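This report refers to the structure that appears directly beneath it.
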Amino acid sequence: GQSLEQPSEVTAVEGAIVQINCTYQTSGFYGLSWYQQHDGGAPTFLSYNALDGLEETGRFSSFLSRSDSYGYLLLQELQMKDSASYFCAVRTTSGTYKYIFGTGTRLKVLA
Amino acid sequence: GAVVSQHPSWVICKSGTSVKIECRSLDFQATTMFWYRQFPKQSLMLMATSNEGSKATYEQGVEKDKFLINHASLTLSTLTVTSAHPEDSSFYICSAAPGGSGNQPQHFGDGTRLSIL
C-alpha cells in the first residue's frame, strides 16, 4: 500500500523554529508537496520538491531526500497564525498522475 | 496565481437528496481535476481523478454510482452525491493544477461542507 507518515502534533513557541517530518512509501514518486490547512479552510500550497535538497520560500523551507524516502518542512520565526495542520503530499506516477496526502501534523504555536 | 472556485461552500439537506458540487478553474485550463473527502481532524482522502472528456478514475472503495463525476469542459468538473445519507456528511474539496502533465502544484477550491440530516 501507499503511505505517508507524519507526527500527529507539534507544539512550539512564537519565534521558534520547528521541523515537520514526512516519510513516504508510494508506488512511484514524482515530487513532494507541502500544504497548510487552517481549521474550516481548504489546503493552501506552501512548497514543492522534485529533486533532492532544500527549497526556501520566505520563512518556510522544504527538504527532500529521495534515497531515504524522506522530507521535512521547516518553519522559522514562528507566528501565532502558523497554528494549523500541515500535510505532505506525494505526486505518484502510477498510471495517471495523482496526489496522496500524509496523515497530517497539527502545529500549535504558543505565545 | 491559479484560482480554483468551488460552489456551494455549505449544503444542508435531507437524507435521500442528491447534491451537486461544482469546481471551476478560473484562470487556467485543467484537463485533470481531483476530488477529495476529509473527515474532521483527518487527512484528505482522494476519491477520484476527473478527466476532461473521459470517465473519471475512482480510488478503491469509492462507489462510482454514488459519487458521479462529470468533467465536461476544461474549466469545470462536478461531483454529484446521489441519494445522500448522513454517513456522506463530510468536507469535500476539489483541486486542479495548470497544465496537463502535473508539473505544477495543485490548487484547492475552498471546499464544500455537506451535512445530511
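Computed from a predicted structure; not experimentally measured. Convention: sequence-line order gives letters A, B, ...; per-chain numbering from 1.
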*What part of B/L44 gets closer than 4.5 Å to chain A, counting heavy atoms only: side chain, backbone, both or neither?*
both
*Taking a hydrophobic cluster as the set of Ile, Leu, Val, Met, Phe, Trp and Tyr residues connected by side-chain heavy atoms closer than 4.5 Å, whether directly or through intermediates, do B/L79 and B/V19 fall within one such cluster?*
yes
*Report, as yes or no, whether the 6.0 Å neighbourhood of atom CD on A/Q19 holds more than 12 heavy atoms from other residues, nucleotides or ligands.*
yes
*Mind checking the CZ-NZ spacing from A/R106 to B/K41? Nearest 0.5 Å is all I need.*
4.5 Å
*asked:* Report which part of A/S85 has an atom under 4.5 Å of a heavy atom belonging to chain B: side chain, backbone, both, or neither.
replied: neither
*Pick from A/S8, A/S33, A/G104, A/P43: which one has the most heavy-atom pairs with chain B under 4.5 Å?*
A/P43
*Should we count NZ of A/K108 as having more than 12 external heavy atoms under 6.0 Å?*
no
_For the student: nearest non-hydrogen atoms of A/F101 and B/S43, plus distance_ = CB-OG, 3.6 Å
_Quick check: is B/M45 connected to B/Y58 through a chain of hydrophobic side chains (ILVMFWY, heavy atoms under 4.5 Å apart)?_
yes
*Does one hydrophobic cluster hold both B/I116 and B/W10, with members joined at side-chain heavy-atom distances below 4.5 Å?*
no
*When heavy-atom pairs shorter than 4.5 Å are enumerated against chain B, which of A/A42, A/A50, A/G40, A/G31 gives the highest number?*
A/A42
*Taking a hydrophobic cluster as the set of Ile, Leu, Val, Met, Phe, Trp and Tyr residues connected by side-chain heavy atoms closer than 4.5 Å, whether directly or through intermediates, do A/Y86 and A/Y24 fall within one such cluster?*
yes
*asked:* To the nearest 0.5 Å, what is the distance between CZ on A/F87 and CD on B/Q38?
replied: 5.0 Å
*Heavy-atom distances under 4.5 Å only: say whether A/Q37 touches chain B with side chain, backbone, both or neither.*
side chain
*Least distance between heavy atoms, B/Q106 atom then A/F45 atom*: O-CB, 4.3 Å
*Would one find more than 12 heavy atoms of other residues, nucleotides or ligands at under 6.0 Å from atom CG of B/D65?*
no
